[in-house]
There are 2 protein chains.
Amino acid sequence: MKNITIYDVAKKAGVSPSTVSRVMGSSNHPVSENVRSKILRVAKELNYIPNIQARGLKTQNNASVGVIIPSIDNPFYPQLVRGMSDVAVGHGFSIYLSNCDREYALTDLQVQTMLEHNIKGILSVYIDRTTPSLEQFVERGGILVSLCGRNFAYPGAYNFQTDKVREAEIAVEHLISLGHKKIALIINEINCQIRADKLQGYRQALQKSGIAFNERYLYVYQEEADLADNTKNGDADRGRASVQMLLERSPEVTAILCMNDIMALGVCAELRNRKIRVPEEYSVMGFDDSFFSEFTNPSLTTVALEKYEWGKTLMQFMIDRLEALPDRSDSREVPNDLLVPVHLVERESTGVPRTDNLVIRP
Amino acid sequence: MKNITIYDVAKKAGVSPSTVSRVMGSSNHPVSENVRSKILRVAKELNYIPNIQARGLKTQNNASVGVIIPSIDNPFYPQLVRGMSDVAVGHGFSIYLSNCDREYALTDLQVQTMLEHNIKGILSVYIDRTTPSLEQFVERGGILVSLCGRNFAYPGAYNFQTDKVREAEIAVEHLISLGHKKIALIINEINCQIRADKLQGYRQALQKSGIAFNERYLYVYQEEADLADNTKNGDADRGRASVQMLLERSPEVTAILCMNDIMALGVCAELRNRKIRVPEEYSVMGFDDSFFSEFTNPSLTTVALEKYEWGKTLMQFMIDRLEALPDRSDSREVPNDLLVPVHLVERESTGVPRTDNLVIRP
DNA sequence: AAGAAGAATGAAAACGTTTTCATTTCTATT
DNA sequence: AATAGAAATGAAAACGTTTTCATTCTTCTT
């Protein structure tokens with residue numbers, strides 16, 4: 001079961017291995033037409049398969065990029081990854097996918113592996129903490145492009161930013177424009193930049209409209225608790241649970257802004273359970289415009305980001321850098337025109353606030 | 001920017017490269033405790049990173065497995081992939097993810113790439129057509145494990161089967177048990193085994209109950225049409241569109257069985273649009289128990305498969321084979337006890353059939 | 001017709017490991 | 001105390017490429 005090598009085809013074609021290499025690889029060294037075609041023919045006959053490992057060993061390059069995301073099992077990411085994948089295969093690149101759950105140790109480990117595989121490009125999404133191996137990666141000249149919130153930048157990386165502050169502002173502004181003044185925000189513990197950004201946007205929007213920030217309308221909880229169960233995405237359940245708390249602690253609220261659409265779905269389901277109508281009694285909003293949000297009942301008002309487009313943009317950017325690798329003259333600036341904008345998608349789950357102040361049905 | 005190699009640490013530690021290799025790699029050759037610890041220490045000091053490409057070149061092994069799925073952008077797959085990923089990283093393996101859209105040419109290309117990367121294990125899910133490079137892969141001793149419908153088996157592969165026939169039967173049986181007799185089935189064009197299996201299950205269940213199969217209740221359409229738009233998952237829209245057709249062609253139907261939950265969601269949304277109630281007027285069912293199905297309104301009755309568990313099982317199986325690679329004494333039989341069962345999840349979208357035969361509201 | 005420039009080819013070293021085989025060092029048995 | 005055997009180490013070849021450098025073969029210019 002010996003592999004067919006460049007030597008085998010060289011022998012059969014009656015030329016030297018060097019020449020074969022020049023036609024099989026991406027060399028631009030000239031080689032005459034007839035020997036080229038002969039080599040190609042023989043290679044096909046022998047079913048020759050270039051050995052990327054050997055090539056990479058020599059060239060210190062391997063056509064693949066590592067993608068690190070929190071978890072593919074969050075509906076935000078599949079489309080993003082799909083966009084990345086599409087442009088990657090278009091350029092002959094492969095994708096190493098890695099779910100790190102935003103866990104420090106796990107991220108470090110995965111990057112370590114990528115380092116060992118001699119991967120030269122890492123695309124990290126919404127990971128807002130650097131690790132030793134990540135630092136080592138950029139130190140060794142690896143290309144790190146990161147997509148994160150507006151208040152975070154890796155040193156030495158190309159930092160794309162999605163403006164989560166603005167996203168949250170847009171959401172709250174929408175709610176305020178409908179007449180809401182008591183708006184609950186449900187988010188995870190603030191250990192992650194995105195969430196901090198969202199909180200900031202929330203406060204900013206309130207402030208702009210002269211509405212006082214009320215600590216009691218803020219629902220923050222630990223994520224760790226149910227991480228153990230990888231079997232399902234916990235956000236929906238967390239949405240459910242929050243409703244219970246909210247109804248006890250601040251039923252006077254008229255709108256509920258959720259961290260993402262899944263959570264909003266959970267909130268809606270629980271409200272429905274309790275025979276509370278959306279949006280007549282509570283308006284509910286999410287983020288991300290997940291694919292299902294258009295089809296739920298009521299359909300979800302949300303703030304959208306072109307995920308697929310983003311994925312494409314990021315990977316294209318990465319590949320451009322990768323293919324120009326030797327000269328790293330450019331700074332780590334990211335062109336502004338690559339920022340894909342964000343927009344409100346207004347659907348059925350939000351409406352004017354209820355007028356009566358009754359409610360309270362535990 | 002020269003790499004630190006095994007030679008560097010050998011020199012600094014005052015031993016030979018061979019010895020360093022033995023402690024850094026997974027050799028079981030004995031090496032004394034003091035030199036081992038010394039090497040380890042020096043390696044850490046120098047920030048030595050083993051070069052997997054070089055290792056792979058020598059050992060013809062690289063700790064990664066290729067995963068081929070139709071598209072990560074179909075909610076069935078993220079959880080499956082997550083399961084795979086979890087066990088893979090647990091064993092130090094990396095995942096090469098590849099979306100092939102069930103396209104022949106694309107699949108072939110991606111496998112070709114994996115071949116070039118010297119990947120020794122490919123996990124393929126619901127791809128029911130072999131390609132030249134896939135054949136070459138198994139010919140060269142690659143391990144192919146495939147998850148597919150019950151009527152399909154790759155030659156030379158470990159074939160896991162999910163029983164789509166049975167799944168469909170379960171669904172139809174449920175509907176029949178509620179009293180339905182006129183059951184529509186909406187599926188994609190039958191170029192894929194899963195769909196054929198589902199159709200078979202549908203017919204079988206009807207037959208068992210002595211209900212005649214009615215061609216008019218079968219809605220099949222081409223998938224190609226809107227594949228171009230990768231921006232969104234088209235099944236929901238197809239569900240929508242089907243409602244229109246169904247209402248024209250066979251409004252007498254009382255239950256609608258959809259290919260998957262996304263499609264069911266689309267169907268529900270369109271019915272709601274037309275003020276037609278689910279399940280009072282039409283029962284609607286899907287497949288897959290997607291994570292959102294529990295939270296929609298009405299929540300969806302569906303047939304579930306433990307996707308995360310399946311992913312783990314498959315990857316574990318793969319890694320076991322991979323680690324025992326040299327001896328391939330076993331046949332390609334797959335142990336029966338690894339079959340993860342399928343079950344009905346009864347929720348709100350199905351109920352007894354309406355009694356009046358009115359309807360028809362185009 | 002001679003020579004220069006360029007095009008096409010080949011030889012061989014290098015990339016960073018693993019592993020076989022040979023050698024040295026140790027331990028235990030007599 | 002001698003030696004068999006085991007344990008620990010090292011030297012060197014091999015894995016399959018790419019690429020530098022040297023060489024040969026063309027083709028043009030004068």
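All values below were derived from every heavy atom in this structure, side-chain atoms included, with hydrogens, water molecules and symmetry-related copies excluded.
Here dA14(C) presents its P atom at 17 Å from CG of L57(B), a figure rounded to the nearest Å. Rounding to whole angstrom units, CD of residue E33(B) and P of dA8(D) are separated by 9 Å. In this structure, Q60(A) atom CD and dT17(C) atom P are separated by 10 Å, rounded to whole Å. The distance from atom CG of N118(B) to atom P of dT17(D) is 10 Å, rounded to the nearest whole Å. Between the CZ atom of R22(A) and the C1' atom of dT18(D) there is a distance of 9 Å, given to the nearest Å. Rounded to an integer number of Å, the gap from OH of Y7(A) to C1' of dA13(C) is 10 Å. In this structure, H29(B) places its NE2 atom 10 Å from C1' of dG10(D), rounding to the nearest Å. Distance, N28(B) CG to dA8(D) C1': 14 Å, rounded to whole Å.
Checking the phosphate oxygens (OP1, OP2) of dA11(C), no side-chain nitrogen or oxygen of S16(A) falls inside 4.0 Å. T5(B) has no side-chain polar atom (N or O) that falls below the 4.0 Å cut-off from OP1 or OP2 of dG16(C). Note on S21(B): every side-chain N or O is 4.0 Å or more away from OP1 and OP2 of dT17(C). A sub-4.0 Å separation between OP1 or OP2 of dG16(D) and a side-chain N or O of N3(A) is present.
Comparing atom distances between the T19(B) side chain and each of dG10(D), dG16(D), dC15(C) picks out dG10(D) as nearest. Side-chain proximity of K58(B) to dG10(C), dC15(D), dT18(D): nearest is dC15(D).
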Q: Test side chain to side chain contact (heavy atoms under 4.5 Å, CB included) on N3(B) and R140(A) and set out the steps.
A: CA-CA 9 Å; N3(B) 282 348; R140(A) 290 173 57 131; 2.9 Å; yes
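Here CG of D128(B) is found 5.0 Å from SG of C148(B). Values are rounded to the nearest 0.5 Å.
Comment: R82(A) engages D86(A) in a salt bridge, judged by a side-chain N to carboxylate O separation of less than 4.0 angstrom.
Around the NZ atom of K12(A), the shell of radius 6.0 Å holds more than 12 heavy atoms that belong to other residues, nucleotides or ligands.
Of the two residues near DNA chain C, Q53(B) and R36(A), the one whose nearest nucleotide lies more 5' is R36(A).
In this model, a side-chain donor or acceptor of S18(A) finds a partner on the base of dA11(C) within 3.5 Å.
Side-chain polar atoms of N62(A) and S64(A) form a donor-acceptor pair below 3.5 angstrom.
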